2 protein chains.
Amino acid sequence: MQTPQPKVSFKEQMHQAREDAILQSTCRLLSDKAYDAMTMDDVAQAVGIAKASLYKHFCSKEELCCAAMVQILGRLRTFLDSLAPEQPPLDKLQALVRWSLQRLLAHEMPLLPSRNSSLRAVLMANPSYLEGLVAVSDQVGQWITQAQAQGVLDPSLPPLVVLYTLYARACDPVVGFLKEGGQHSDEEIIALVLRTCFQGLAAR
Amino acid sequence: MQTPQPKVSFKEQMHQAREDAILQSTCRLLSDKAYDAMTMDDVAQAVGIAKASLYKHFCSKEELCCAAMVQILGRLRTFLDSLAPEQPPLDKLQALVRWSLQRLLAHEMPLLPSRNSSLRAVLMANPSYLEGLVAVSDQVGQWITQAQAQGVLDPSLPPLVVLYTLYARACDPVVGFLKEGGQHSDEEIIALVLRTCFQGLAAR
DNA sequence: GTCTATATGCAGATAGAC
DNA sequence: GTCTATCTGCATATAGAC
């Protein structure tokens, strides 16, 4: 008898699966429209449940979107942890941006909160999100200083500037522009954006 | 008697001045919050007039915001036209980004419509805005190909990628992040963002 | 053209049956 | 927990006096 609470566990699993579906739909919607423009009706319709049911899982729109962003952040941390320790730090930084761009192209990640997003204020007031953000920033910050010490990343740039730049490029709107143009494959777009980010526009 | 219609002209001037004030307030507000989050009440309060008066000048929120963006675009074109013809094209491109970043820091320019902004759809349906955007893009496109021909701008990058990247950097959220940090002056921030844009993050 | 007051519609959130 | 139906508030836009 190795199933002490089979029924409870099953229900919990269903519950969790439903919540994951809600979060996934939320992420998709947030990647297409701004936080203010996304409605709870949109989410309910995308998931295929009634709006009231949504509120049984998440007590407010703010909480729902925070949870979605926290989930994304968790996936990012999992990815960062999966990188081989012996990999050069610069490669890890590029892998970080590449991962984000892939999510962006797959419509799995909201274009992140720049200053004029009301979602940003909500997130910055959310302890779970902040905690995750700090953890990622610490990790990435280490790689930045290591890459600078190796001389492969411009050592004259303040690490914080590099960090912010990486975050900004991780949701670079150029990706969307190029995708709309339809001239390039997803992989080409990622390669181009990575190149402009790390090599710059000027000739070398 | 060189004043044929003095009274009409004066009234027109007042009218124009009032509209300019409205547009300026709109730009300021749009630089702080997203299109969807900005309300006509915000604008009315910022200008110091009643909301109904606003609708005497602009018949809808969409039209108002379009007019604000068209105004910005006009100023950009004026600036671009003012650049000395003998200036190297790469310098002109940098001047373009610098000008935008200055506006951004002065809260005079909305963080531009990336894909997830509902304002973007509105703008793309507006002939005046599109016309201005095409004119600027043609001008900038010429400079890009010239700079590539001179070998100072990476010739292996598709010109459209460079163009989109310049547009994206012109409202780089990194500016806001660094400004919030309070560690750098406005000029330092501009210099840093320009450097990451043209020189990249990797060491040279 | 400017105002106060109001109409209209929509979105966040809730009530209550099942 | 899920649903339908509803409450509430707010934002766009308008009416109508001055």
Side-chain angles (χ1 to χ4, degrees), chain A residues 5 7-26 28-30 32-69 116-119 121-123 125-126, chain B residues 5 7-23 25-26 29-30 32-69 116-119 121-123 125-126:
Chain A
Q5 312 108 351
K7 194 163 186 191
V8 171
S9 175
F10 179 71
K11 277 179 72 172
E12 294 254 333
Q13 274 186 15
M14 292 303 293
H15 184 84
Q16 189 62 40
R18 172 63 56 95
E19 280 200 4
D20 279 347
I22 295 174
L23 290 177
Q24 191 176 340
S25 291
T26 304
R28 269 197 94 81
L29 287 167
L30 279 180
D32 283 332
K33 47 177 73 178
Y35 171 72
D36 300 296
M38 190 200 74
T39 71
M40 294 297 266
D41 289 280
D42 289 339
V43 180
Q45 189 177 16
V47 180
I49 61 174
K51 183 164 58 167
S53 304
L54 224 50
Y55 281 92
K56 297 288 179 182
H57 292 272
F58 302 95
C59 71
S60 72
K61 180 182 176 182
E62 293 192 355
E63 189 189 292
L64 168 61
C65 292
C66 278
M69 296 301 297
N116 73 353
S117 163
S118 27
L119 178 55
V122 174
L123 288 171
N126 185 285
Chain B
Q5 313 108 349
K7 195 163 187 191
V8 172
S9 173
F10 179 72
K11 277 180 75 172
E12 294 255 332
Q13 274 188 15
M14 292 304 293
H15 185 84
Q16 189 62 40
R18 171 63 56 94
E19 281 200 5
D20 279 347
I22 295 174
L23 290 176
S25 291
T26 303
L29 287 166
L30 279 180
D32 283 332
K33 47 178 71 177
Y35 171 73
D36 301 296
M38 189 199 75
T39 71
M40 294 297 264
D41 288 279
D42 290 338
V43 180
Q45 190 177 14
V47 181
I49 60 175
K51 184 166 54 169
S53 305
L54 224 51
Y55 281 92
K56 296 290 179 181
H57 291 271
F58 302 96
C59 71
S60 73
K61 180 183 178 182
E62 293 191 355
E63 189 189 292
L64 168 61
C65 293
C66 278
M69 297 300 297
N116 73 352
S117 163
S118 28
L119 177 54
V122 174
L123 288 171
N126 184 287

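Because the structure is a prediction, the values reported are computed rather than measured. Below, each value reflects all heavy atoms present in this structure, side chains not excepted, and no hydrogens, waters or symmetry copies.
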query: Roughly how many Å is it from NZ in B:K51 to P in D:dA15, rounded to a whole number?
result: 15 Å
- request: Go through C:dT2, C:dT4, D:dT2 for me and flag the one nearest to the A:R18 side chain.
  value: D:dT2
message: Which is more 5' along DNA chain C, the nucleotide nearest A:K61 or the one nearest B:I49? Just name the residue.
response: B:I49
message: Using side-chain heavy atoms (C-beta onward) and a distance below 4.5 Å, is B:C65 in contact with B:L30?
response: yes
query: Rounded to whole angstrom units, what separation is found between the CG atom of A:D41 and the P atom of C:dG9?
result: 16 Å
- request: Please determine, for the side chain of B:A52, which listed nucleotide (C:dA13, D:dA15, D:dA13) has the closest atom?
  value: D:dA15
d(CD, B:Q45; P, D:dC10) in whole Å: 14 Å
- line: note: A:Y55, atom OH; C:dA13, atom C1'; distance rounded to Å ~ 5 Å
Gap between atoms CZ and P, on A:F58 and C:dA13 respectively (whole Å): 14 Å
field: Gap between atoms CG and P, on A:L54 and C:dA15 respectively (whole Å)
entry: 17 Å
message: Less than 4.0 angstrom between a side-chain N/O of B:H57 and OP1 or OP2 of C:dG1, yes or no?
response: no
statement: Which of B:K56, B:Q13, B:H57 passes side chain to side chain contact (heavy atoms under 4.5 Å, CB included) with B:R18? Answer is B:H57
C:dA11 phosphate, OP1 or OP2, under 4.0 Å from A:T39 side-chain N/O: no
Whole angstrom value for the distance that separates C1' of D:dT2 from CD of A:E19: 15 Å
statement: Which of D:dT14, D:dG1, C:dG1 is nearest the side chain of B:K11? It is C:dG1
- prompt: Should A:L123 and A:L119 count as side-chain neighbours, where that means a heavy-atom distance under 4.5 Å?
  reply: yes
message: Tell me whether the side-chain N/O atoms of A:S53 come closer than 4.0 Å to OP1 or OP2 in D:dG1.
response: no
Rounded distance (Å) that lies between atom P of D:dC10 and atom CE of B:M38: 18 Å
- prompt: What nucleotide, of C:dG1, D:dT14, D:dA13, holds the atom closest to the side chain of B:H15?
  reply: C:dG1
- prompt: Would you call B:D42 and B:K33 a salt bridge, taking side-chain N to carboxylate O under 4.0 Å as the test?
  reply: yes
- prompt: Below 4.5 Å, heavy atoms only, C-beta onward: do A:Y35 and A:E62 meet side chain to side chain?
  reply: yes
field: Selected nucleotide, minimal atom distance to B:K56 side chain, candidates C:dG1, C:dG12, D:dT2
entry: C:dG1
